[in-house]
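Only one structure is covered here, and it is reproduced in the block below.
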Amino acid sequence: MRHWLIKSEPDVFGIGDLKRVGTEPWDGVRNYQARNFMRDDMKVGDLALFYHSNSTPPGVAGVARVASAAYPDPKAWDPKSKYYDEKASEENPRWFMVDFKFVGEFPDYVPLEALRADPKLEDLMILRKGSRLSITPVEAKHFNHICKLGGLGI
DNA sequence: GCCAACGTTGGC
DNA sequence: GCCAACGTTGGC
């Protein structure tokens with residue numbers, strides 16, 4: 001099993017929203033690297049850290065599980081959607097997504113500052129300068145360590 | 001609101 | 001294939 005970190009703005013969709021709805025299609029990803037991770041590498045059952053970006057403070061809020069194989073993102077060919085892409089179509093979808101299922105919310109929110117301060121997380125991808133990728137792979141040891149910081153036993 | 005860093009687009 | 005211009009991300 002692989003581990004991931006997914007970013008979301010809590011003002012738009014946060015861990016509380018995922019808890020409420022249970023399962024959510026992760027649509028709107030419009031970055032090729034992130035798409036490739038979902039389409040080619042994610043497997044049902046993989047676990048992901050749920051990161052709150054653009055929040056005060058930013059940090060990891062909980063855990064989600066990959067709940068579907070990748071499938072085309074229909075918003076890509078919906079002209080009314082803000083995720084519309086004129087080069088995508090049902091025949092040639094271009095953008096893919098998976099569903100995420102709520103696993104748990106951290107009893108102890110882990111702020112970005114705590115991630116940065118932790119020598120064990122030195123090479124975590126999102127801590128690299130200029131890292132903006134919304135979906136990144138995470139090593140199992142890092143995943144487990146962050147869950148521990150969050151007070152969630154998986 | 002600022003702005004550094006990055007990805008994408010399109011002219012050439 | 002280069003690269004300038006542009007748009008976006010996301011911390012601060």
Side-chain angles (χ1 to χ4, degrees), chain A residues 2-21 24-42 46-66 70-100 102-139 141-143 145-152:
Chain A
R2 301 189 66 174
H3 298 81
W4 307 92
L5 182 146
I6 57 176
K7 292 184 191 173
S8 186
E9 301 188 22
D11 289 350
V12 180
F13 190 88
I15 191 77
D17 298 302
L18 186 62
K19 187 176 188 175
R20 186 167 42 78
V21 301
E24 178 76 1
W26 214 247
D27 58 18
V29 173
R30 296 292 179 267
N31 169 284
Y32 289 106
Q33 235 184 311
R35 178 204 69 180
N36 293 347
F37 282 139
M38 286 197 290
R39 192 189 56 187
D40 306 333
D41 301 320
M42 276 190 186
D46 282 1
L47 294 173
L49 299 166
F50 196 108
Y51 180 88
H52 282 177
S53 62
N54 256 315
S55 93
T56 313
V60 182
V63 173
R65 178 189 295 120
V66 177
Y71 58 103
D73 180 349
K75 288 198 175 166
W77 56 84
D78 173 5
K80 294 191 297 291
S81 170
K82 72 170 184 169
Y83 300 120
Y84 177 65
D85 179 349
E86 57 174 11
K87 290 181 181 153
S89 65
E90 212 162 344
E91 298 72 37
N92 186 16
R94 183 139 141 165
W95 301 111
F96 290 80
M97 61 184 180
V98 300
D99 294 344
F100 279 106
F102 177 78
V103 172
E105 184 171 2
F106 282 175
D108 308 309
Y109 184 76
V110 184
L112 176 60
E113 197 180 15
L115 300 177
R116 287 201 192 284
D118 195 324
K120 286 189 178 150
L121 301 173
E122 225 175 354
D123 44 352
L124 195 68
M125 270 183 85
I126 57 150
L127 299 182
R128 291 195 202 138
K129 191 174 172 187
S131 165
R132 296 183 346 193
L133 203 53
S134 62
I135 296 176
T136 53
V138 173
E139 288 180 51
K141 63 178 180 187
H142 292 154
F143 180 92
H145 183 62
I146 292 169
C147 284
K148 204 172 295 172
L149 295 177
L152 193 67

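Every chain is numbered from 1, with letters handed out A, B, ... down the list of sequences. Everything numeric in this text was worked out from a predicted model, so none of it was measured.
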Rounded interatomic separation in angstrom, taking CD1 from A/I135 and P from C/dT9: 13 Å
Nearest-Å distance for atom pair CZ/C1', residues A/R128 and C/dG11: 18 Å
Closest listed nucleotide, where the reference is the side chain of A/N31 and the choices are C/dG10, C/dG11, B/dG7: B/dG7
Carboxylate-amine/guanidinium contact A/D85 A/R30, below 4.0 Å: no
Basic-acidic side-chain contact under 4.0 Å: A/D17, A/R20: yes
Side-chain donor/acceptor of A/H142 to backbone N/O of A/K120, under 3.5 Å: yes
Interatomic distance where NZ belongs to A/K7 and P belongs to C/dT8 [whole Å]: 17 Å
Spacing of A/N36 atom CG relative to B/dG7 atom P, expressed in whole Å: 13 Å
5'-most by nearest nucleotide on DNA chain B - A/S131 or A/N54: A/N54
Plane angle bin for A/W26 and A/F13 - parallel if under 30°, tilted between 30 and 60°, otherwise perpendicular: perpendicular
For atom NE2 of A/H52 and atom P of C/dG11, their distance in whole Å: 12 Å
Candidates B/dG10, C/dG11, C/dG7 - which lies nearest the side chain of A/R132: C/dG7
Distance in angstrom units between A/F37 CZ and B/dG7 P, rounded: 12 Å
Side chain of A/Y32 - closest among B/dT8, C/dG10, C/dC12: B/dT8
Proximity of A/Y71 and A/W95 rings by center, below 6.0 Å: no
Sugar-phosphate only, base, or nothing, as touched by A/R35 at under 4.0 Å among non-hydrogen atoms: nothing
Side-chain N,O (A/Y51) to OP1/OP2 (C/dT9) below 4.0 Å: no
Protein-nucleotide distance (A/R30, atom CZ; C/dG7, atom C1'), rounded to Å: 16 Å
Rounded distance in Å - OH (A/Y83) to P (C/dG7): 19 Å
Nearest-nucleotide comparison on DNA chain B, the residue closer to the 5′ end among A/K129 and A/R94: A/K129
